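One structure is given here, and the rest of the page talks about it.
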Amino acid sequence: ESLGNSITAREILDKGAERIDDELVDQPEIQATLMDTMGTVYTSLGLYPEAVRLVDRSVQRRRELFGDEHPEVAASLTHLGEVLTLDASYEDAEKNLRDALVMRRQLFGDTSLEVAETASNLANVLSRQGDYATAKPLIEEALSIRQSEHAGAHVDIAESLEDLGLNFYDQGEYERAVSYLRDALAMSRQIHGDAHPDLAEAINNLAWALLDLGELVEAVDLYSEALEMKRRILGDTHPQLAVGLNNIAYAWELRGELEQAEATYREALAMNRELLGERHPEIATVMNNLAFVVYKVGDKQEAISLFRQSLQMNRDVFGPEHPEVAGSAANLAFWLIQERDYDEAEELLDESLAIRRAVLGDAHPQTAGTMALKADLFVAMKRFDDALPLAREARRLLKENLSDDHWRVAQATNAEGSALAGTGAYKTAEPLLLSSLAGLEEAPIPALAQQARLRLAELYTAWGRPEEAAKYQATP
């Protein structure tokens, strides 16, 4: 039987919640326990606002019964922080989880499983706010406690391994991320067998990291497995199913199946709006991804509008200095460069680069990627002397974290070659432009390969070699 929110299941839950309110007024301890339990069930079904309401009331009841420092209060505060995180109420989630962590350290000691649970949840909300450095020691603490307390494979250890892998990913250490995520997935398969929500999420997260290493084939297979599993377990409507739809749509987009990708992105967007409201990071993510496909199929006006909406939503949810804001700003800037709106593109890239340098550091691949894109902008503006040092530094940084044939390395290499060509250094530019073309043919953005061919044609035309130029002028 599916765990998705069928009408029958939802009706039973709602009636149960009403009975807790009406029939247990004289039994406040049982009432508080059932509120917490029912909130957990609502959370599992993706009904986050309803879960927040119940768990928040459980916290209040337990404080009235037991005072501010009690194991039951700490448990409900942890549950409340968890569901507030899922509901994108990050500041409130962080406050509740910090209070719960202090309380659990005092009540159970620093090496207790209760501390590990709350530390893990606090790390999650910090990561969602872009504070990866602060999250990491909390993840490592939780993992250490769980490995000490549990012998062999355990769901909690798998969760912490996965969290640590995602933290390495967020901080740009992709190879280490994939290593931990593979370990987490292997343990999760050992524990859960063929199907479980946690297993589906572990599969999904490994696929996500593999894409940045250019492992498209394995990533697509994993995304497909995760989506099928989520449909089987969660039913037809659930926030995690919408995540799965978004991910498989991205895989189809990478394979050039744009019609199927667009339809699936729109399905995910509609599902998220139904379940999460109109203001949530997951909605911003799907809108951003949908915009890429819409642009590729030719509706530039809708695409730019979607990019702008995604950027504004991320600003509203996260504030002005968050990696998601930086990513949205850079994505919008890329397409504005294609539309020759250079002034706004430069403003957005300056914003993106400042955020990424401050939050992620100068050496992070996303920071370097923004530098490469800004170099592309300067090339388009014929500011070749400004483009060249940016492109060179971007290529150096990207090669420290990615393989030489990765499309992001190729993008920076191509920008460097184009800047050199613009200064008249044709002989030095030629091998850079030629070597980068193969990598850009594999890029998820077709415009990059088209741009690379055009730059080669321009190089050979300016160099007085029209026959070579003709090879790259026709669109394949």
Side-chain angles (χ1 to χ4, degrees), residues 1-6 8-10 12-13 36-48 51 78-79 82-83 85-87 113 116-118 120-121 123-124 127-128 139 142-143 145-147 149-167 169 177-210 218-248 251 268 271-272 275-276 282:
E1 184 178 352
S2 166
L3 294 178
N5 65 328
S6 66
T8 302
R10 176 66 189 274
I12 291 171
L13 273 175
D36 189 89
T37 302
M38 292 283 284
T40 302
V41 176
Y42 273 113
T43 300
S44 71
L45 294 176
L47 302 171
Y48 304 138
T78 297
H79 295 159
E82 180 181 7
V83 70
T85 300
L86 293 169
D87 201 40
L113 289 172
E117 178 192 18
T118 307
S120 180
N121 286 328
N124 183 24
S127 295
R128 294 191 185 218
I139 296 169
L143 177 59
I145 293 169
R146 287 167 167 175
Q147 288 176 328
E149 293 294 320
H150 299 301
H154 192 279
V155 291
D156 291 344
I157 296 174
E159 177 188 67
S160 288
L161 288 171
E162 190 173 343
D163 290 344
L164 191 54
L166 291 173
N167 187 269
Y169 176 90
V178 166
S179 177
Y180 276 93
L181 291 170
R182 286 196 189 281
D183 289 346
L185 177 55
M187 188 176 293
S188 193
R189 288 193 192 278
Q190 180 183 348
I191 294 165
H192 297 300
D194 293 334
H196 190 276
D198 292 345
L199 175 58
E201 190 64 13
I203 294 168
N204 173 82
N205 286 332
L206 175 58
W208 182 45
L210 285 169
E218 185 180 1
V220 169
D221 289 344
L222 289 168
Y223 274 148
S224 298
E225 180 186 1
L227 179 61
E228 187 279 330
M229 191 181 297
K230 287 179 177 183
R231 286 193 189 278
R232 185 155 33 107
I233 296 170
L234 301 174
D236 294 331
T237 304
H238 193 281
Q240 282 303 313
L241 178 61
V243 170
L245 288 168
N246 173 76
N247 292 339
I248 199 66
M271 188 180 298
N272 275 328
L275 295 170
L276 304 175
E282 293 294 342

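In what follows, every heavy atom counts, from backbone to side chain, and hydrogens, waters and symmetry copies are set aside. It should be emphasised that the depicted structure is a prediction, and the values quoted were computed from it without experimental measurement.
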Worksheet entry | side chain to side chain contact (heavy atoms under 4.5 Å, CB included) partners of S120, counting only residues at least two apart | A142, R146, E159, D163
Practice prompt. May I ask you to test the L166-S127 pair for a side-chain heavy-atom distance under 4.5 Å?
Written response: no
Worksheet item: Does L227 reach the side chain of L241, with side-chain heavy atoms less than 4.5 Å apart?
Response: yes
Worksheet item: What's the spacing between L161 CG and D156 CG if we round to 0.5 Å?
Response: 11.0 Å
Item to complete: Step by step, work out the side chain to side chain contact (heavy atoms under 4.5 Å, CB included) result for L113 and E117.
Response: CA-CA 6 Å; L113 289 172; E117 178 192 18; over 6 Å; no
Discussion item. Using a 3.5 Å distance criterion without hydrogens, assess whether the side chain of K230 forms a donor-acceptor pair with backbone atoms of A200.
Written reply: no
Worksheet entry | Residues which pass ring-ring contact (aromatic ring centres under 6.0 Å, His included) with Y48, listed by chain and number, not counting sequence neighbours | none
Worksheet entry | side-chain hydrogen bond (donor to acceptor under 3.5 Å, both in side chains): pairs with one or both residues in residues 183-198, sequence neighbours excluded | R189-E225
Worksheet, complete the sentence: In terms of heavy-atom contacts, A51 and V83 come closest through CB-CG2, 3.5 Å
Discussion item. Which heavy atom of A202 sits nearest to which heavy atom of E162, and what is that distance?
Written reply: CA-OE2, 3.5 Å
Worksheet item: Could you state the interatomic distance from CD1 (I145) to CD1 (I157), rounded to the nearest 0.5 Å?
Response: 12.0 Å
Fill in: Reported CG-to-CD1 distance for the pair D221 and I203, which is rounded to 0.5 angstrom
11.5 Å
Fill in: H238 NE2 to L245 CG distance, which is reported to the nearest 0.5 Å
12.5 Å
Response to the item:
With sequence neighbours left out, the residues meeting side-chain hydrogen bond (donor to acceptor under 3.5 Å, both in side chains) with R128 are N124
Discussion item. D36: which residues meet the side-chain hydrogen bond (donor to acceptor under 3.5 Å, both in side chains) condition with it, sequence neighbours left out?
Written reply: S76, H79
Worksheet item: Are side-chain heavy atoms of L210 and R182 found at a separation under 4.5 Å?
Response: yes
Fill in: Beyond-backbone contact of L86 with P239, side-chain heavy atoms, under 4.5 angstrom
no
Worksheet item: Are any of the side-chain heavy atoms of N121 and T85 separated by less than 4.5 Å?
Response: no
Worksheet item: Nearest heavy-atom pair of Y180 and G165: which atoms, and what distance?
Response: CB-CA, 3.6 Å
Response to the item:
Rounded to the nearest 0.5 Å, the CD atom of E82 sits from the OG1 atom of T40 at a distance of 7.5 Å
Worksheet item: Going through the distances and angles, do Q147 and H154 end up as a side chain to side chain contact (heavy atoms under 4.5 Å, CB included)?
Response: CA-CA 9 Å; Q147 288 176 328; H154 192 279; over 6 Å; no
Worksheet entry | All side chain to side chain contact (heavy atoms under 4.5 Å, CB included) counterparts of N247, not counting sequence neighbours | N204, Y223, V243
Practice prompt. Applying side chain to side chain contact (heavy atoms under 4.5 Å, CB included), run through L199 and L185 and close with a yes or a no.
Written response: CA-CA 7 Å; L199 175 58; L185 177 55; 3.6 Å; yes
Response to the item:
Separation between CH2 (W208) and CG (L222), nearest 0.5 Å, reads 14.5 Å
Worksheet, complete the sentence: Taking every heavy atom of A268 against every heavy atom of N246, the minimum-distance pair comes out as CB-N, 4.0 Å
Response to the item:
Residues M187 and A153: closest non-hydrogen pair is CG-CB, 3.7 Å
Worksheet item: Any idea which heavy atoms bring R232 and A195 closest together, and the distance?
Response: NH1-CB, 3.4 Å
